[in-house]
Each structure stands twice: as C-alpha cells, then as structure tokens.
Amino acid sequence: DSTKADMQTSSGAGRKEEMRPLTARQSRFVSAYVAGVSAAEAARQAGYGPGYSAKAAKYLLHHPSIAAAIQEMHMDLTKKTLFDVERAVE
C-alpha cells in the first residue's frame with residue numbers, strides 16, 4: 001500500500017530517519033504546501049484521504065527528507081523573488 005510506504009519510519013528508539021528520495025505523493029505535498037495551502041490541504045491535494053490528511057500532514061512536516069525539500073524550495077523561491085526584484089529595479 002503506497003500510504004504505508006509514504007508513512008514508514010525507521011525502527012528503533014532514538015534512531016534518526018535516513019534521507020530518502022521523495023515519493024511522487026510526497027513531492028506533490030511539498031509543492032502544494034510551499035504554494036501556500038495548509039498542510040492538511042496539501043496532503044489532500046497530494047492524494048492522502050480526507051479523513052487521514054491531518055495526521056499525514058503532521059507526519060510529513062516532521063519527515064527529514066520532506067522538511068529538507070520544503071526548506072530548499074522556500075530558499076529557491078526566495079532567491080528567484082530577489083532576482084526578479086533586482087531586475088525590476090534596474
């Protein structure tokens with residue numbers, strides 16, 4: 001089941017989850033979340049069920065690979081915005 005694959009964590013107390021490539025659904029979550037919708041709505045848009053999306057959103061926001069992807073996308077958007085502002089001022 002793809003939901004289980006998206007939500008699996010590493011076993012063992014105190015072990016950090018390894019950085020893995022994002023699944024397609026996780027990538028859709030990141031894109032929707034960075035676009036400005038709530039985490040629960042981003043989870044729904046990514047394909048998580050309406051009754052499960054709030055729980056999925058909480059997990060996804062704390063997943064190391066997803067958190068890193070969100071941060072990277074925010075930084076890329078900030079750089080692009082600054083570049084566009086600089087070009088507009090010229």
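Excluded from the calculations below are hydrogen atoms, water molecules and symmetry mates; all remaining heavy atoms, backbone and side chain alike, are included.
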Locate the shortest heavy-atom distance separating A43 from A56; write the atom from each residue and the value. CB-CB, 4.5 Å
Would you be so kind as to tabulate the donor-acceptor pairs closer than 3.5 Å made by side chains of residues 31-38, with sequence neighbours excluded?
unit_1 : atom_1 : unit_2 : atom_2 : d
S31    : OG     : S27    : O      : 3.2
S38    : OG     : E41    : N      : 3.1

Strictly distance-based, threshold 3.5 Å: is any side-chain N or O of S53 a donor or acceptor partner for the main-chain N or O of Y48? no
Inter-residue atom distance T78.OG1 - M73.CE, 0.5 Å rounding: 12.0 Å
With side-chain contact (heavy atoms from CB on, under 4.5 Å) as the test, pick out the partner of I66 among L61, L22, T23. L22
Heavy-atom pair with the smallest gap, counting every atom of A40 and A54: CB-CA, 4.2 Å
Going from CE on M75 to CD on E72, what distance comes out if it is rounded to the nearest 0.5 angstrom? 6.5 Å
Please say whether more than 12 non-hydrogen atoms of neighbouring residues, nucleotides or ligands are located less than 6.0 Å from NE2 in H74. yes
Is the side chain of H63 donor-acceptor paired with the backbone N or O of Y59 at a distance under 3.5 Å, no angle test? no
Mind checking whether K58 and K55 have side chains closer than 4.5 Å, heavy atoms only? no
